[in-house]
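Take a look at the structure set out below.
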Amino acid sequence: MTVTAPLVRVEGLRKLFPLNQGLLRPATSFIHAVDGVSFAIAPGKSLALVGESGSGKTTTGKLLVRLLHPTDGQIVMRLNDADVAVTTLKGDRVRAFRRHVQMIFQDPYESLNPRRTIYDTVAEPLYVQGIGNVLDRQERVAELLTLVGLTPPSTFMFRFPHELSGGQRQRVAIARALVINPAFVVADEPTSMLDVSIRASVMQLMQRLAEHLHVTYLYITHDLAVARYMSDRLAVMYLGKIVEMGDTEEVLHHPQHPYTQALLSAVPVPDPGWKRTPIEIKGGVSKPVNPPPRCRFYDRCPLAAKICEDNDHPPLEDKSAGHYVACYRA
Amino acid sequence: MTTNKRQNAPAIIPSELTTLDPQERAQLRKQALWRVRLRLMGQSLHANWRLFTENPIGLIGLSIIVFYGCLALAHPLLMGRVWSPSIYHPVTGFNPLLAHPSPPSAQHWLGTDPFGRDILSQLMYSTSSEFILGMVAALLTVTIGTAIGAIAAYYGGWVDTLFMRLADLVITLPSLVLLIVLSGIFELNLPRLAIIIGILSGFGGTTIIIKSQALTIKVRTYVEAARVAGGSHAHIIMRHIIPNLLPLTFLYMMFTVTDAIFAEAVLSYFGLLNVRMSWGMMIYTTQSTGYLLNMETWWLIVPSGLSITLLCAAFYLVGRAMDEVINPRLRKR
Amino acid sequence: MAETILQVENLTMHYITRAGAVSAVDDVSFTLAEGESLGLVGESGCGKTSVANSLLKLLADNARITGGRILFKGVDFVPLNEAQMRPYRWRNIAMVFQAAMNSLNPVYRVGDQIIEALETHLSPYSFDQARQRVAELFTMVGLDPRLMDQYPHEYSGGMRQRAVIAMALACNPDIIIADEPTTALDVIVQDTLLRQLQTLQARIGMSMIYISHDIAVIAEVSDRIGVMYAGKLVELASAEDIFHQPLHPYTIALMSAFPSVTGPRRALQTLPGEPPDLLHPPDGCRFHPRCPFASNQCREQTPLFQDRGGGHAVACWHPQETRI
């Protein structure tokens with residue numbers, strides 16, 4: 001472990017979404033989308049957040065870029081050698097914060113405004129932050145388009161999103177996120193909508209840009225194989241909780257939590273000769289509405305025992321050299 | 001981290017990655033951004049026009065509108081050069097040589113009314129005020145509707161509740177009855193009518209439709225991306241929500257024109273509108289002189305009645321055709 | 001070798017658009033044996049779904065089959081009209097679509113929808129018999145029969161997909177075509193569903209055509225695999241051969257672009273460029289603009305789809321000898 005301060009430190013992050021809330025009637029039940037999540041990301045060490053739909057991984061990402069406000073918990077980022085408490089920023093400081101933290105979204109067909117040119121889209125962060133004049137911005141956009149492989153930039157700058165393919169659109173979205181040189185980027189399934197042959201090149205592009213531009217990613221994905229290529233560390237989420245976290249290769253080769261094991265064994269392998277060891281887990285993911293205090297995975301867990309039912313959700317404990325697991329039975 | 005955003009401005013890019021080709025750079029310096037935008041706008045207009053012309057419905061509507069536009073423009077020319085004002089003036093003219101109402105003839109193509117005034121001249125004279133009435137009402141409607149719709153959808157909460165309940169209230173008001181009542185309170189002329197219709201329609205049904213569309217735009221990820229970029233509320237509303245609402249507001253402009261022309265006809269027919277001459281006024285004259293149900297004097301009622309129907313239908317048809325340009329799903333391949 | 005149940009010969013299909021004819025399926029030939037499962041894999045827009053829809057002639061208004069034959073037990077589907085096609089649909093060939101939510105009518109109970117399908121196709125069923133049959137089908141696909149009186153919105157994504165499969169199985173079809181059956185599902189649910197489908201297929205002995213963009217999913221469930229690119233079938237072979245000795249450069253690229261969780265962490269190979277615009281497909285081999293081995297022959301002449309021995313067919317002038 002290095003001694004450098006983490007770029008992002010998250011402590012006890014919670015986000016509850018109220019259900020059945022009325023005008024005057026307070027909500028009685030809540031979806032516990034993110035429920036007590038803590039992690040740290042060192043500069044240059046990208047973290048992948050893996051989970052199924054409903055695990056709270058996207059909500060966590062949106063909390064980090066302040067698209068959502070947490071119910072509880074702390075997010076501290078180390079930006080320009082100063083600690084920034086993200087959750088308590090106000091007014092102009094929020095805008096200044098957004099110069100360092102950006103997000104790449106899943107669906108390249110939804111994340112680009114169909115009525116704005118590629119130039120307008122990529123230059124938007126510069127424009128709203130008041131950086132440079134029109135010519136500076138044009139040059140900067142042209143540079144970025146070159147960087148993400150949309151060359152020559154002059155043929156792309158004044159086109160509209162519908163004239164581009166899915167892969168090209170995602171490159172535009174990447175260019176927009178990187179145009180103001182952010183230190184930290186939340187990438188929410190940026191390749192899941194792309195075809196295999198395009199996906200590999202977008203993944204490579206993101207890796208290359210991370211190295212050259214010193215960007216650290218929080219890479220959100222449901223695909224363990226993609227997470228393996230895009231991250232140094234991996235955190236597995238289940239119903240709002242991190243159940244296992246550690247170095248990516250370590251977690252993938254020595255999974256300890258029964259959920260991680262099930263997830264790994266369910267990944268289809270492109271090899272007809274591959275004989276899997278199926279792990280039986282019951283049912284599908286439920287919605288975390290007012291969950292009981294016991295382990296979130298209890299209902300589906302093949303190892304469930306009395307200790308799991310009687311106690312609260314197990315704490316995330318360091319089992320061996322930075323490999324954290326939240327399970328009583330692992 | 002610094003809050004002063006302009007000071008350390010172009011903290012641009014590590015030099016080893018500045019891979020911009022010098023030729024590209026020179027080209028960028030050459031082309032002015034506003035000129036590129038103008039060209040793009042022209043291209044998109046051209047493309048939409050081609051789609052529009054593929055639809056006969058829109059072309060029929062458009063040719064009717066152009067036809068009436070020509071009538072409106074021709075009237076002052078005819079009055080100045082061809083027609084003698086003492087005979088052909090739409091309000092004060094009178095032809096002493098004929099018994100009135102007289103049927104269509106070479107001198108009076110559409111005949112004369114019971115007061116001896118030329119009907120073609122009345123029809124043409126009124127056309128321009130119908131257009132202006134429709135356009136003013138429509139512009140007002142979409143300006144109010146778009147502004148409120150976008151703001152209510154974007155902010156939600158009590159802003160939304162306030163404007164939507166107001167819209168409910170306006171919708172439940174029977175607008176014709178309201179106009180009749182208003183005509184008793186103060187003098188109702190065409191500009192006032194246009195403003196009232198514009199406000200009623202703008203705060204009422206149009207707002208609700210535009211707001212529901214704005215709600216679907218608000219949840220798009222490009223709006224989230226703009227927020228992450230640091231865009232202010234005003235930036236998001238002006239640059240992202242309203243541009244995507246424009247096609248729909250254009251559509252509702254067309255439909256408001258129809259409503260306004262129709263309302264004018266009804267109010268004039270009841271004699272509640274202070275206007276010198278209009279299509280509705282022409283029907284009112286026929287009715288008040290007792291010729292309304294007289295089939296033999298058809299020329300008194302057909303030109304104005306047909307014009308109201310045709311022009312209302314024309315704007316509606318153009319609206320429908322525009323709907324197909326805007327919504328690719330409605331389009332035939 | 002089992003008997004051939006479906007034979008597709010030189011199938012060619014166009015979409016007529018305002019910009020011109022889009023050559024969505026071009027000269028595609030394959031056979032399906034009884035009890036076999038065939039996978040069709042390719043990227044979006046490669047024509048795999050168009051092939052599936054052509055087989056049942058469930059085509060959009062602007063689609064035209066311009067050539068080839070579709071022989072099901074000796075009957076050619078291509079010249080048949082709607083009324084003549086109808087008895088084959090569902091009874092002989094059933095389809096499972098990707099969007100399970102859209103295949104179920106939200107205002108009817110799930111069980112009733114299957115009963116209705118049963119009554120349309122197999123008339124002599126009493127109500128009790130039909131319910132009996134639905135219960136049986138539900139058990140087969142791993143759903144609790146008590147769920148048949150619930151509405152689709154009360155089901156989870158995986159349960160809906162199971163219900164749609166139950167519906168497809170209702171008339172004991174000879175062939176089931178599954179178009180991206182698990183794409184919208186989470187991995188664990190996908191895994192259980194795929195295994196269940198395999199067990200069912202083995203038990204009932206029907207043939208299956210799986211269509212997916214995910215080569216790993218196809219690998220799990222198919223005996224033979226066809227790889228499609230830009231409207232063409234470029235390679236067709238046993239699953240083993242496709243994965244261990246692919247011949248077509250596109251298949252090789254597809255395989256090496258796929259990140260692996262378990263294997264050694266090798267660098268991902270990327271394929272330059274984008275799939276071609278099918279309004280104006282390139283001359284010669286449609287893959288040549290992206291192919292590292294392209295020669296002048298590839299640019300000028302369309303490669304023939306030829307068997308290279310052992311049922312391994314490929315359409316390429318320069319098949320590669322690789323072992324993965």
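In what follows, chains are A, B, ... by sequence order, proteins preceding strands, each numbered from 1. Computed from a predicted model, the values in this text were never measured in an experiment.
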What are the two closest heavy atoms between [X] and [Y], and how far apart are they?
X      : Y      : answer
A/R228 : C/V261 : NH1-O, 3.3 Å
C/V187 : A/P268 : CG1-CD, 4.4 Å
A/V196 : C/E43  : N-OE2, 3.8 Å
A/A200 : C/A257 : CB-O, 3.9 Å
A/S53  : C/D186 : OG-OD2, 2.8 Å

Chain C contact via A/E249 - which portion, at a heavy-atom distance below 4.5 Å: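 For A/E249, the side chain is the part near chain C, not the backbone.
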Residue A/I198 versus chain C: region with a heavy atom under 4.5 Å: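 Both backbone and side chain of A/I198 come within 4.5 Å of chain C.
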Between [atom1] of [X] and [atom2] of [Y], what distance do you get to the nearest 0.5 Å?
X      : Y      : atom1 : atom2 : value
A/S197 : C/L254 : OG    : CG    : 7.0 Å
A/D223 : C/D214 : CG    : CG    : 8.0 Å
C/L271 : A/R199 : CG    : CZ    : 14.0 Å

Heavy-atom distances under 4.5 Å only: say whether [X] touches chain A with side chain, backbone, both or neither.
X      : result
C/S44  : both
C/A239 : both
C/Q269 : backbone

N/O donor-acceptor pair under 3.5 Å between C/E274 side chain and A/S165 backbone: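 Not a single qualifying donor-acceptor pair exists.
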Side-chain touch C/P259/A/M230, heavy atoms, less than 4.5 angstrom: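 No, every pair of side-chain atoms sits at 4.5 Å or beyond.
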